[in-house]
Protein chains: 2
Amino acid sequence: MIRVAVVDDHPIVTDGVVANLRASGEIEIVATGTSADDAVVLAGAQHPDVLILDLELAGKNGIDAIRAVKEASPQTRIVIFSAYAGEERVATAFERGADSYVLKGTSSDELVAVVRAVAAGGTMIPPEIGAQLARAVRQPRRDRLTEREREILALLAEALANRAVGERLGITERTVKFHVGEILGRLGAANRAQAVAIAKARGIV
Amino acid sequence: MIRVAVVDDHPIVTDGVVANLRASGEIEIVATGTSADDAVVLAGAQHPDVLILDLELAGKNGIDAIRAVKEASPQTRIVIFSAYAGEERVATAFERGADSYVLKGTSSDELVAVVRAVAAGGTMIPPEIGAQLARAVRQPRRDRLTEREREILALLAEALANRAVGERLGITERTVKFHVGEILGRLGAANRAQAVAIAKARGIV
DNA sequence: ACGACACCTGTCCGTTCGGACAGGGTCCGG
DNA sequence: CCGGACCCTGTCCGAACGGACAGGTGTCGT
């Protein structure tokens, strides 16, 4: 039997996943949770073979939980189960230690297949996720943002003007304009508003 | 038996809901779907007693589907099943004809209770949703947006410039500026980018 | 030591925004 | 029928934005 834990902030989603996994006959559900903290705690206590983890958790970044779970229980393999799959987010999830990534829109059969594969030590990544991953890797620098740029982008998302951003960071308004220009170019955005929209879509902010 | 249909763009969520409802013993699932179009079609074909409808549908606005479903099958009662519950979104859902609104974070028991209540012709609205509704009603007009304003706000979210919005809607750039000014005032935003951010946070777009 | 990369700053300029004026029209409910 | 919504349009102007030029620093790896 494969020992599986499920963490999703929506109990009914958890119910659905659990029901589908149980139906496969070779999976045992050892724990469920609804927050990033739950994920870390139950991973440390139960050491499940596979953790199915939603990224849209109520508390905060499910993406940050990946590393924490891996530290608490290194042998646990992590399958991300998310509704969204932006390049940046997919790439970050794997960098942090995820073993697979399944969209919520996929069928339950596929989810079972993925759990089976990763539990056996293999890797099974749905084609649409693989494509996103390839795209993220292929781009050398064009749309990868530097630390500073991400920082400024976050402030833009709060609707701060260039001058305000400069004051916040202790740099000139002119410099902010420079960085904003870089951000627009890298993201392919026409203006700051669109840059923020793209950033949200890709899960950067 | 209460005849229920479920529409959610995530099949696994649908599975979970179906499993929980079936377990109650007095509910029969007559149809499931994954898009707003599905909702309208199956409502017209099956005329279920209750339709459980997710608002975050892949195709388009689930919120627009409410009215369409009510037209296709007036006797069908609609229970919104969403992960988010911003004031504007809750209020709009009920204006369009929703009969109840349940958060995805609530337990399956509560969902069953709500389905039972609305099927019996009653109304059962979870307290957190009722609170949002009260808050939305209390505000006279200050931060409520008109239909046109919502329309323009949606285009602003796509980072269109005033001129482009005007062309899209067949009105002058000047008129767009007028509406944008109104939107900023009502939302308390300093600029269009922040307006979009607030709109997203409240679930207006 | 040299190039790359990230970071910072400056001037100039055309476009867009957002606010402050001021007015048109419709349609609906009291 | 008249006030109050919603919708549309205009001019003027200061501020912000975004691009195009042209530089400066520091750090890191080859």
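Because the structure is a prediction, the values reported are computed rather than measured. Each chain gets a letter, A, B and so on, in the order the sequences are listed, and its residues count up from 1.
- Side-chain N/O atoms of B:Arg186 include one lying less than 4.0 angstrom from OP1 or OP2 on D:dC6.
- Electrostatic pairing of B:Glu158 and B:Arg192 does not count as a salt bridge here, judged by no charged N lying under 4.0 Å from a carboxylate O.
- Distances shown here put every side-chain N or O of A:Thr172 at or beyond 4.0 Å from the OP1 or OP2 atom of C:dC8.
- Atom-to-atom, CZ of A:Arg192 to C1' of D:dA16 comes out at 8 Å; the value is rounded to the nearest Å.
- For A:Ile183 and D:dG18, the CD1 to C1' distance is 13 Å, given to the nearest whole Å.
- Minimum interatomic distance between A:Arg168 and A:Leu160 (heavy atoms only, all atoms of both residues): NH2-CD1, 3.3 Å.
- Out of C:dC7, D:dA16, C:dG19, the shortest distance to the side chain of A:Glu147 is found at C:dC7.
- Atom CG in B:Leu160 sits about 13 Å away from atom P in C:dT16, given to the nearest Å.
- Contact check on B:Lys70 versus B:Asp99 returns a salt bridge, with a Lys/Arg side-chain nitrogen under 4.0 Å from an Asp/Glu carboxylate oxygen.
- A straight line from CD of A:Glu151 to P of C:dA6 spans 15 Å, rounded to a whole angstrom.
- Looking at which nucleotide of DNA chain D each of A:Asn191 and B:Ile171 is closest to, the 5′-most match is held by B:Ile171.
- Evaluation of the salt bridge (charged side-chain N to carboxylate O under 4.0 Å, His left out) test over residues 29-50 of chain A, restricted to residues two or more places apart or in two chains, returns none.
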task = Begin from the C-alpha positions of B:Leu55 and B:Tyr101 and carry the test side-chain contact (heavy atoms from CB on, under 4.5 Å) through to its verdict.
result = CA-CA 10 Å; B:Leu55 281 189; B:Tyr101 196 118; 3.7 Å; yes

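- Atom CG in A:Leu169 sits about 15 Å away from atom C1' in C:dA6, given to the nearest Å.
- The heavy-atom pair separating A:Ile78 from A:Ile66 by the smallest distance is CD1-O, 3.7 Å.
- The phosphate of D:dA5 has neither OP1 nor OP2 within less than 4.0 Å of any side-chain N or O from B:Thr146.
- Remark: A:Lys104 does not engage B:Asp9 in a salt bridge, criterion side-chain N to carboxylate O under 4.0 Å.
- Within a heavy-atom distance below 4.0 Å of DNA chain C, the residues of residues 173-182 of chain B found are B:Arg174, B:Lys177, B:Val180.
- Between A:Arg163 atom CZ and C:dT9 atom C1' the separation is 16 Å, expressed in whole Å.
- Phosphate contact (OP1/OP2 of C:dC8, side-chain N/O of A:Arg148, threshold under 4.0 Å): present.
- Spacing between atom CD1 of B:Ile152 and atom P of C:dG18 amounts to 13 Å, rounded to whole angstrom units.
- Side-chain N/O atoms of A:Asn162 include one lying less than 4.0 angstrom from OP1 or OP2 on D:dC17.
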